[in-house]
Amino acid sequence: MRILTVGCIAATAASYASFAPTTAPRVAVRSHSEMAQFAQQELATSLAQQQQQQSRRAVLRSSAPSMVATGQSGLFTSSNPADRKVVPDEVGSRSVFKVVYVVLESQYQASLTTACKRINAGQPDVAVECSGYILEELRDPVNFEQFKKDMAEANIFIGSLIFVQELADKVVEVVEPLRDKLDAVCVFPSMPAVMKLNKIGTFTMASMGQSKNVMMDFMKKNKPKGTSFQDGMLKLVRTLPKVLKYLPGDKAQDARSFMMSLQYWLGGSPENIEALLLNLAKNYVGEIKAAGYLTEVKVKEPVVIPDMGIWHPVAPRVFETVAEYKDWLYNEHAPALGINPNNAPVIGLVLQKSHINTKDDAHYVSLIMELESLGSLVLPTYTGALDFSKPIDDYFFVNGKSIVDTTINLSGFALVGGPATQDHPKAIATLKALNRPYLCAVPATFQTFEEWKDSELGLHPIQVALQVALPELDGAIEPIIFAGRDGVTGRSIPQSDRIDTLARRANKWASLSRKKNVDKKVAVTVFSFPPDKGNVGTAAYLNVFGSIFECLKTMQAAGYDVGKLPESVEALVDDVLHDKEARLAAPTLNVEYKMSVREYQDLTPYAVELEENWGPPPGNLNSDGQNLLIFGKTYGNVFIGVQPSFGYEGDPMRLLYAKSASPHHGFAAYYTYVEKVFGADAVLHFGTHGSLEFMPGKQVGMSGGCYPDRLIQSTPNLYYYAANNPSEATIAKRRSYAATISYLTPPAENAGLYKGLKELGELVGSYQGLRESGRGSTICNSIIATARVCNLDKDVDLPAEDFDCSTMSLDERDRVVGKVYGKIMEIESRLLPCGLHTVGVPPTAEEAIATLVNIASIDRPEGNGIDSTVPISGLPRMLAKARGRDIEDVYRGSDRGVLDDVRLCEEIKLGVRAAIRASVARSTDAQGRVTEVNEMGAKLGALFAGGSPMRKALLELKFDVSDDELAPLFAYCEFCLKQVVADNEMGALLEGLNGYFITPGPGGDPIRNPLVLPTGKNMHALDPQAIPTSAACDCAKKVVDRLLDRQAADNGGKYPESIAFVLWGTDNIKTYGESLAQVLWMVGVRPLPDSLGRVNRIEAIPLEELGRPRIDVVVTCSGVFRDLFINQMNLLDRAVKMVAELDEPLEMNFVRKHALEQAEEMGLSLRDAATRVFSNAAGSYSANVGLAIENGGWEDEAQLQDQFLSRKGFAFNADRPGVLDDQNALFKSSLKRVDVTFQNLDSSEISLSDVSHYFDSDPTKVVAGLRTDGKKPTAYVADTTTANAQVRTLSETVRLDARTKLLNPKFYEGMLASGYEGTREITKRLRNTMGWSATAGAVDNFVYEDANEVFIADPEMQKRLLETNPNAFRDMVTTFLEANGRGYWETTEDNLDRLRQLYAEVDDKIEGM
């Protein structure tokens, strides 16, 4: 029996009022008692049926292990198709026809069931037996077998919206062989292969594709531009008479039957579905047609409401104009509700017509009533098409002006195209014109509402792709689950607490456009990570306090009350911190508010649930022992607050937990203060990133029990996020309901050469001029000696120290010098971001040059990605060609240390820089900024003697490239320059605070995808089913081949048998799935697109084509990758299992070899033993190794390795996709076979020492500890940050990173220029470097030694660091001492004594002694 809680009975009861026919006027249900009585009557008919189903579910739940998302099957839905089967009670002599249907969503279930029961009760000569399946149920092998049996006996098959490829394949597999014997097949918009199954008499979809087909010609001519198949079909239905007169009689009848069937289906009501079934039985079911059983039955014409209109559950009719609806709303409905229509917020709703037609609209009614109870007016529009922009265009504007304050799309689909093919530019154009917040709420249709509630994963991955990821590309925010499918009736059940949340949040967004700026309260939230060490205001590459200062000035100019502004950024920092010795464990930050325990408990309904992990409040975090402390400072109506830490950073036991615990009382109190005490109209989270979005809860599709949802409550959440991190920004969007605003990372510059490296470069220059003279060998000796001083002997094979180069031939000397030259040029040309970005300050022309140099260096075979698919050659390729060379050949020679090729590489690099500088100079003003870009123009060469400035610059360097060749590239570069220097970061903030639409745009690497720019966009990821792209697969093959070739060369020609991969969300977004494709290429599997271009099919590459063994893999996915790309985890797992089952020689298939061994060792099936895709438990992130190292909270390396194994050992299994099982034993068994560990670097902004993520997930020492032979795996890193992709060892990469950042004056001086925050950034690089010692043993002693010389041995540097951020400097000193204490750095006792003395001095200064 379904139990209705007291809290939701009213909403649910009111919802069931919607079951009245749509053509009749509705009566508003006013009182709770009337509502409850009505609900009781409506539900009575299904209670007995549900009681049996509910008891079955209870058994499943009680016996399910804790990690199972949706029951023992491991599938996302365990609903039983048998529960919806209709069998006639008494057949007698009647002729029975059998119908089987498969639908994506369940709203038709009730209509089909009712229609069949009406036929069985009312037809004397015929009866119907009906079996129905929700598409997702076909994953279950038991259901699939039953589907086969049902189809074998069926007369009619009906399918609709079958858009999931692997399930569409199952439908085709069963129906296609039976098609000829079936009396009728009706398939409404679905995948092309399913559509081709259609058969009604002589009518088929195949015939519609014939070249001389009148109907297809008509559709092509009359299909509205940019619309879907369904829209075309609707138009055809409306204009049917025009078409049918051109067709022969029998074909016209069959075509008409199909179109009438579509019309009945779209009509959706039980009466329409009854007519559909009777019409098909009468005309096409052999026995019934032959006997004429239904000849006398007059089948009703379709009864439909308009294709598009305004529908309100208590209105007397559907309205087709805004004026008619407004008249009823203002003069009848609003007065009855006690709402003043002249000042009430207006919420526009977009609904699916099918739910209204089928009377499955309880969830719509509940939301409408909830919004009205909060004092809002509702404009509920619908359409029967898949272009939901049409009702917005037609009904949400009056005289070109928006009449709504917030829009909610309740279909859950992309605005234009639904689940089929999308038109995002059209959707964005509509939403920009409307210029209001756009929420896309989601009905959980692939699971029952109970399965969603019970699931730790949350929303079904297919639904995440279709109804979360795709709407985000339109600019949608807040994917709140507001309804769920009932497992028995198929009806949509309103989720009362979710509807309350959705309504309150929509109203809060609406208030932003109605409230005066002077009255708006804004809570700016900054982060402090790691806590308590001078880290307040942490954010990736962002000058946080400098940016906040600029925001406050901008807000003041826009009319916001910001009180008395501090005079400077320093003053702002002092106000918030009191001093820079910021500790979170003690109240040395400014305490803005003290919240008593009583107030906290009264205002925080879930406070008691936190006591399991943290004890009773106030606890010892953000507390003075009596009160909970809110740190921050208020300026007028703007509160700048410091978000509390996770709380368990320094606790070794908590770090070991496989799942993340709840937030602590101080964390909860902070957000309670923001919403209920300060009363924020909006919160602005400042920079990448905080902890809110990573709090425990479902992956996607929050419930009221998920902590991100509980914490953010109803406050609109604006969030500045780095443009290069779309993956974690997407987590913030989905889990904490953020509208993100992208900000630029700092301008990148070439690392350059310094100290010994600079001297080495000068020696190489001298050698090139004198190599054939008598001094050549002497200079070569100096180069070798200096290279050793610079520790390059660890990267380049150098002769012995006492070797004399005069004994070498010229070619041999050139090879040595060429290798050294290649290495220092690699260091010199590496990009590094300089300094920190300030929001709203675009880069100067000089700063833009380095970015453009890298944009111009990449070949773009796909065209410019804007308006042309004509390939664009990168400038290095053109310059190599001008010298008669192929750039790939030049790169290969340079990599081998061929001196001429290294020199040519350097000349090409200088040529690219010179040409770009000449191009930018044409658009640079006297202040060194680009305000207007001067375009090159088709005839530019004729305007200048000798050609364009770019051509002239190249000619000076002896590269002869014509302006005709340069024109396409520089036209693209000029577009990119406009993007680079444009800026809407501050504008987007004001738009968000005004309750306007923030334009969406992709996040990622601006060099690979300049459409990431300009910043200030509501950042999104990409369609998860679009990767890996073919270009990504090509790049992946090159990298994998280089990795395997290098490993084979270092191991006597032997290939590694198993490689451990780490997959990251952001990396795969930036590269469109390169690392994903690497895994597939490693095991020898090719990804394939389906008929809609979505990558969800695979095929094994034959061994003959592969030309090597299949390499086994162990894939560790980040928690963010898991959340964004669980469909790709499915793809990977299917690929590995496919390969494991191939009957191939074990020496050529290491996947099969290891899976067979593990199956025998562990007593598993081969498929289960071939599980290789692992991640965190649902709702948990990271191995906590980074947290431990950043906070010093670890005993030894064994603890770090235990953390990795306990937190990352949850397996994805494509056979049980609703589960992330704790498979620790299988994880260890797979890792102990690993020979190589491997990661990818894909952009210059984020490298190994910039963030803790990379070492947090590195399994190198974990594998070494598990291997039985004691051998440490070889660790490699692929670097695809330049056009010349490299595969280096991990140690080589750490050295390169240290030389270009931590030890590089250009880097640390750039950081120090940012003061307080810059000092923290330097310290962070040192601590992250130590992380690589702890997890992989990959840091050379000289890195610590040189860093000590730079930052500690120099008294002037000590003074600068101490003055700018004493706490960060103390952390730096601590890190050096810790590195020595843990055995990672050997140094002199003098160095250690200096560090100990410094620590005492800094500590005394901080403590004020």
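This one's a predicted model, so the numbers in the text were calculated from it and none came from an experiment.
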Residues at least two apart in sequence or cross-chain that pass salt bridge (charged side-chain N to carboxylate O under 4.0 Å, His left out) with Glu991, listed by chain then number, are none

Side chains of Glu985 and Thr1015: do they bring a donor and an acceptor to under 3.5 Å? yes

Which heavy-atom pair separates Glu567 from Ala571 by the least distance, and what is that distance? N-CB, 4.1 Å

Do you know which two heavy atoms are closest between Gly475 and Phe997, and how far apart they sit? O-CE1, 3.8 Å

Salt-bridge contact Asp1123-Arg734 (side-chain N to carboxylate O under 4.0 Å): no

Decide side-chain contact (heavy atoms from CB on, under 4.5 Å) for Asn507 and Ile347; before the verdict, give the C-alpha distance in whole Å, the side-chain angles of both, and the deciding distance to 0.1 Å. CA-CA 8 Å; Asn507 256 19; Ile347 311 298; 3.8 Å; yes

Of all heavy-atom pairs between Ile408 and Ala441, which one has the smallest distance, and what is that distance? CG2-CB, 4.2 Å

Does atom NZ of Lys676 have more than 12 heavy-atom neighbours from other groups under 6.0 Å away? yes

Does the side chain of His1253 come within less than 4.5 Å of Ser1118's, by heavy atoms? no

Under the salt bridge (charged side-chain N to carboxylate O under 4.0 Å, His left out) rule, collect the residues that match up with Lys1324, sequence neighbours excluded. Glu1321

Below 4.5 Å, heavy atoms only, C-beta onward: do Ile640 and Tyr635 meet side chain to side chain? yes

Salt bridge (charged side-chain N to carboxylate O under 4.0 Å, His left out) assessment of Arg505 paired with Glu478: CA-CA 9 Å; Arg505 292 191 63 80; Glu478 310 214 2; 2.7 Å; yes

Quick one, Phe686 and Val839 - any side-chain contact, counting heavy atoms below 4.5 Å? yes

Say whether, by atom type as modelled, one donor and one acceptor occur between the side chain of Thr838 and the main chain of Gly546 under 3.5 angstrom. no

Using the ring of each side chain (for Trp, its six-membered ring), is Tyr743 parallel, tilted or perpendicular to Tyr720, with breaks at 30° and 60°? perpendicular

Can any side-chain N or O of Arg735 pair as donor or acceptor with the backbone N or O of Met695 at less than 3.5 Å? yes

Just verifying a value: how many Å separate Asn622 CG and Ile630 CD1, rounded to the nearest 0.5 Å? 7.0 Å

Just verifying a value: how many Å separate Gln699 CD and Leu1124 CG, rounded to the nearest 0.5 Å? 9.5 Å

Within this structure, what is the CD1-NE2 distance for the pair Ile1069 and His1020, rounded to the nearest 0.5 Å? 10.5 Å

With a 4.5 Å cut-off on side-chain heavy atoms, are Ile1322 and Thr1319 touching? no

Verify whether one side chain among Arg498 and Thr501 offers a donor that lies under 3.5 Å from an acceptor in the other. yes

Basic-acidic side-chain contact under 4.0 Å: Glu693, Lys733: no

Looking only at side-chain N and O atoms, does Glu1190 offer a donor or acceptor that is under 3.5 Å from a partner on Ser1252? yes

Is the positively charged end of Lys521 above the ring of Phe639, judged by distance under 6.0 angstrom from the centroid and angle within 45° of the axis? no

Is Ile480 close to Tyr737 at the side-chain level, that is, under 4.5 Å between some pair of heavy atoms? yes

Minimum-distance pair of heavy atoms, taken over all atoms of Pro1014 and Asp983: CB-N, 4.2 Å

Evaluate Leu542 against Ser547 for side-chain contact (heavy atoms from CB on, under 4.5 Å), listing each step before the verdict. CA-CA 8 Å; Leu542 186 65; Ser547 297; 3.6 Å; yes

For Leu836, does its backbone N or O pair with a side-chain atom of Asn543 as donor and acceptor, under 3.5 Å? no

Is a side-chain donor or acceptor of Thr604 paired with a backbone partner of Ala607 at a separation under 3.5 angstrom? no

Go through the steps for Lys1017 and Asn984 under the test side-chain contact (heavy atoms from CB on, under 4.5 Å), then give the verdict. CA-CA 8 Å; Lys1017 292 176 181 171; Asn984 191 40; over 6 Å; no

In this structure, CG of Asn994 is separated from OG of Ser513 (nearest 0.5 Å) by 8.5 Å

Asn725 pairs by side chain to side chain donor-acceptor pair (under 3.5 Å) with which of Thr688, Thr1066, Thr730? Thr1066

Verify side chain to side chain donor-acceptor pair (under 3.5 Å) between Gln643 and Tyr671, making sure each step is shown before the conclusion. CA-CA 9 Å; Gln643 186 189 72; Tyr671 283 96; 2.8 Å; yes

Checking side-chain contact (heavy atoms from CB on, under 4.5 Å) for the pair Ser703/Ile481: CA distance, chi angles, key distance, verdict? CA-CA 8 Å; Ser703 72; Ile481 309 299; over 6 Å; no

Taking the side chain as every heavy atom from C-beta outward, state whether Thr745 and His837 have any atom pair closer than 4.5 Å. no

Please state whether the rings of Tyr721 and His689 are parallel, tilted or perpendicular, taking 30° and 60° as the class boundaries. parallel

Using distance alone, with no hydrogens and no angle criterion, decide if Tyr560 and Asn637 have a side-chain donor and acceptor under 3.5 Å apart. no

Could you walk me through whether His665 and Trp614 satisfy the ring pair (Phe, Tyr, Trp, His ring centres under 6.0 Å) test, starting with their C-alpha distance in whole Å, then the side-chain angles of each, then the deciding distance to 0.1 Å, before giving a yes or no? CA-CA 7 Å; His665 294 296; Trp614 302 99; 8.0 Å; no

Just by modelled atom types, is the Ser714 backbone N or O under 3.5 Å from a matching donor or acceptor in the Glu675 side chain? yes

Tell me whether Asp474 contacts the main-chain N or O of Ile428 through its side chain, where contact means a donor paired with an acceptor under 3.5 Å. no

Value rounded to 0.5 Å, distance of CG in Leu684 from OG1 in Thr715: 12.5 Å

Partner residues of Lys515 under the salt bridge (charged side-chain N to carboxylate O under 4.0 Å, His left out) criterion, sequence neighbours left out: Asp681

Do Ser691 side-chain atoms and Ser645 backbone N/O form a donor-acceptor pair below 3.5 Å? no

Do Leu502 and Leu410 come within less than 4.5 Å of each other through their side chains, counting heavy atoms only? yes

Gly697 and Cys706 have their tightest heavy-atom pair at CA-SG, 3.7 Å

Does Ala1368 offer a backbone N or O that forms a donor-acceptor pair with the side chain of Thr1323 under 3.5 Å? yes

Taking Leu512's backbone N and O only, do any of them form a donor-acceptor pair with Lys520's side chain (distance below 3.5 Å, no angle check)? yes

Measure across Lys1070 and Asn724 and return the closest heavy-atom pair with its distance rounded to 0.1 Å. CE-O, 2.9 Å

Quick one: does Asn717's side chain have a donor or acceptor within less than 3.5 Å of a partner on Ser736's backbone? yes

Rounded to the nearest 0.5 Å, what separates atom CE in Met595 from atom CG in Leu629? 10.5 Å

Just checking, any donor-acceptor pair under 3.5 angstrom between side chains of Tyr593 and Glu599? yes

Apply ring pair (Phe, Tyr, Trp, His ring centres under 6.0 Å) to the pair Phe545 and Phe549, showing each step before the final yes or no. CA-CA 6 Å; Phe545 283 109; Phe549 192 61; over 10 Å; no

Ser1314 and Met1311, any side-chain heavy atoms less than 4.5 Å apart: no

